[in-house]
Amino acid sequence: MDLGFTGKVALITGVGSQIGFGRGIALYLAKEGCDVAAVDFDLQGAQQTATDILALGRRVRAIRTDISRNDEVEDMVKEVIDTFGKIDILVNNAGAGTVLKPFLEMTREEWEKPINTNLYGTLNVTRAVIPHMISRRYGRIVNITGGQGAATISMYGASKAGISSFTKSLASELIDYGIVVNGIHPGLGNTGLNISGRGGRKLTKEEAETAAQRFGTKRFCTGDDLGPLVAFLASDVCSYLVGEIINMNAGAPPPNFP
């Protein structure tokens with residue numbers, strides 16, 4: 001199926017991790033014909049992803065941005081538009097994990113990291129991109145959510161629940177402008193948040209294997225799993241599905257994490 005991505009520009013956050021969802025999404029959209037703005041706090045990682053996108057014959061720009069800082073986000077969006085002339089697709093994928101602690105044991109600083117990056121980061125980037133999409137009366141926004149309701153990750157879950165609710169509200173507000181907004185709740189991923197320690201504590205090999213077995217597929221979700229679904233939601237083929245959060249959990253989440 002031709003998803004009509006030739007000439008489209010996708011801004012994707014959180015592409016720096018070489019085992020992350022963002023990289024997989026970026027490469028899949030590039031293979032389908034998108035030019036890509038590859039955004040991450042980790043510039044070296046974003047540049048590596050950009051190099052691989054360039055090898056696919058697509059235009060790409062790697063940009064270092066802390067999405068929790070609105071000033072950096074506004075500068076980044078301006079750079080993307082100056083470089084590519086437009087933004088057709090926004091994928092809010094960047095995220096921060098959390099220390100694995102009961103809520104009562106968490107410090108205020110430990111609360112703030114996932115809230116500032118996951119929730120406020122998504123709000124910052126979306127707010128900066130929307131006026132451009134409204135002016136063109138076209139856009140596709142895909143928000144990556146998940147991680148709600150499990151013990152010891154309360155603040156991560158709270159930040160992601162906020163994204164889910166925001167997605168539904170925003171979809172209703174923007175559909176009249178030709179902007180389609182949806183979200184995805186991926187399954188537990190073999191990503192930098194869970195495996196490398198970027199999420200606050202690295203899972204042991206045994207913990208990771210145990211966690212994967214709790215899902216119906218008996219394996220982790222990957223960027224290759226996520227890419228095709230993001231592509232559908234970001235395409236013109238998806239014009240009627242609006243304000244939905246698609247669950248890719250492949251079974252019930254575990255009651256505790258890990």
Specify the closest pair of heavy atoms between [X] and [Y], including all atoms of both residues, with the distance to one decimal.
{"X": "Val15", "Y": "Ala38", "answer": "CG2-CB, 3.5 Å"}
{"X": "Ile53", "Y": "Ala26", "answer": "CD1-CB, 3.9 Å"}
{"X": "Glu110", "Y": "Thr98", "answer": "O-OG1, 4.5 Å"}
{"X": "Val80", "Y": "Ala37", "answer": "CG2-CB, 3.7 Å"}

Would you mind reporting whether [Y] and [X] have side-chain heavy atoms less than 4.5 Å apart?
{"X": "Ile141", "Y": "Leu170", "value": "yes"}
{"X": "Thr152", "Y": "Lys101", "value": "no"}
{"X": "Lys168", "Y": "Ile245", "value": "yes"}
{"X": "Ile179", "Y": "Glu173", "value": "no"}
{"X": "Ile89", "Y": "Cys34", "value": "yes"}
{"X": "Asp40", "Y": "Arg64", "value": "no"}
{"X": "Val99", "Y": "Met106", "value": "yes"}

Only distances under 3.5 Å count here; give the side-chain donor-acceptor pairs of residues 67-75 to other protein atoms, sequence neighbours excluded, each with its distance to 0.1 Å.
{"residue": "Ser68", "atom": "OG", "partner": "Asp66", "partner atom": "OD1", "Å": "2.7"}
{"residue": "Ser68", "atom": "OG", "partner": "Asp66", "partner atom": "OD2", "Å": "3.4"}
{"residue": "Arg69", "atom": "NE", "partner": "Glu72", "partner atom": "OE2", "Å": "3.3"}
{"residue": "Arg69", "atom": "NH2", "partner": "Asp71", "partner atom": "OD2", "Å": "3.0"}
{"residue": "Asn70", "atom": "ND2", "partner": "Glu74", "partner atom": "OE2", "Å": "3.1"}
{"residue": "Glu72", "atom": "OE1", "partner": "Asp66", "partner atom": "N", "Å": "2.8"}

With side chain to side chain contact (heavy atoms under 4.5 Å, CB included) as the criterion, how do Ile63 and Glu79 come out once you've worked through the C-alpha distance, each side chain's angles and the decisive distance to 0.1 Å?
CA-CA 9 Å; Ile63 306 173; Glu79 182 176 346; 3.8 Å; yes
With no hydrogens and no angle check, is any side-chain donor or acceptor of [X] less than 3.5 Å from a backbone partner on [Y]?
{"X": "Asp225", "Y": "Cys221", "answer": "no"}
{"X": "Asn118", "Y": "Ile115", "answer": "no"}
{"X": "Ser159", "Y": "Tyr156", "answer": "yes"}
{"X": "Thr13", "Y": "Asn93", "answer": "yes"}
{"X": "Asn143", "Y": "Val91", "answer": "no"}
{"X": "Thr117", "Y": "Pro114", "answer": "no"}
{"X": "Asp35", "Y": "Val60", "answer": "no"}
{"X": "Arg58", "Y": "Gly33", "answer": "yes"}
{"X": "Asn182", "Y": "Val142", "answer": "no"}
{"X": "Asp42", "Y": "Gly45", "answer": "yes"}

Residue pairs fulfilling salt bridge (charged side-chain N to carboxylate O under 4.0 Å, His left out) with at least one residue in residues 115-143, sequence neighbours excluded
Asp88-Arg136, Arg140-Asp236
Report the residues that fulfil ring pair (Phe, Tyr, Trp, His ring centres under 6.0 Å) with Phe103, sequence neighbours left out, ordered by chain and then residue number.
Trp111
Connected via hydrophobic side-chain network under 4.5 Å: [X] and [Y]:
{"X": "Tyr177", "Y": "Val125", "answer": "yes"}
{"X": "Ile184", "Y": "Val237", "answer": "yes"}
{"X": "Leu104", "Y": "Met155", "answer": "yes"}
{"X": "Val39", "Y": "Leu43", "answer": "no"}

Which residue pairs pass the ring-ring contact (aromatic ring centres under 6.0 Å, His included) test with at least one member in residues 26-67, sequence neighbours excluded?
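Every pair satisfying ring-ring contact (aromatic ring centres under 6.0 Å, His included) with a residue in residues 26-67: there are none.
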With a 4.0 Å cut-off, would you call Arg23 and Asp224 a salt bridge?
no
Picking from Asn247, Ile144, Thr145, what satisfies side-chain contact (heavy atoms from CB on, under 4.5 Å) with Pro186?
Ile144
State whether the number of non-hydrogen atoms from other residues, nucleotides or ligands found under 6.0 Å of Phe84 atom CZ is greater than 12.
yes
Over 12 foreign heavy atoms within 6.0 Å of OH, Tyr138
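Yes, because the 6.0 Å sphere around OH of Tyr138 holds more than 12 heavy atoms from other groups.
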Checking Gln18 against Thr49: is there a side-chain donor and acceptor pair closer than 3.5 Å?
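Gln18 and Thr49 do have a side-chain donor-acceptor pair below 3.5 Å.
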Under 3.5 Å, is there a donor on one side chain and an acceptor on the other for Thr122 and Asn92?
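Distance-only check fails for Thr122 and Asn92.
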Applying side chain to side chain contact (heavy atoms under 4.5 Å, CB included), name anything that partners Ile175, two or more places apart in sequence or on another chain.
Val180, Val242
After noting the C-alpha distance and the side-chain angles of Ser235 and Glu32, does the key distance pass the side chain to side chain contact (heavy atoms under 4.5 Å, CB included) rule?
CA-CA 10 Å; Ser235 74; Glu32 290 293 322; over 6 Å; no
Could you give me the CA-CA distance, side-chain angles and deciding distance for Thr126 and Val181, then say whether side chain to side chain contact (heavy atoms under 4.5 Å, CB included) is met?
CA-CA 11 Å; Thr126 305; Val181 184; over 6 Å; no
Separation of Asn124 CG from Tyr120 OH (nearest 0.5 Å)
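With rounding to 0.5 Å, OH (Tyr120) is 9.5 Å from CG (Asn124).
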How long is the straight-line distance from CD of Gln48 back to OG of Ser17, given to the nearest 0.5 Å?
12.0 Å
Test side chain to side chain contact (heavy atoms under 4.5 Å, CB included) applied to Lys86 and His132, step by step
CA-CA 8 Å; Lys86 61 177 182 174; His132 171 72; 3.7 Å; yes
Please output the side-chain donor-acceptor pairs of residues 227-234 that fall under 3.5 Å, not counting sequence neighbours, one pair per line with the distance.
none

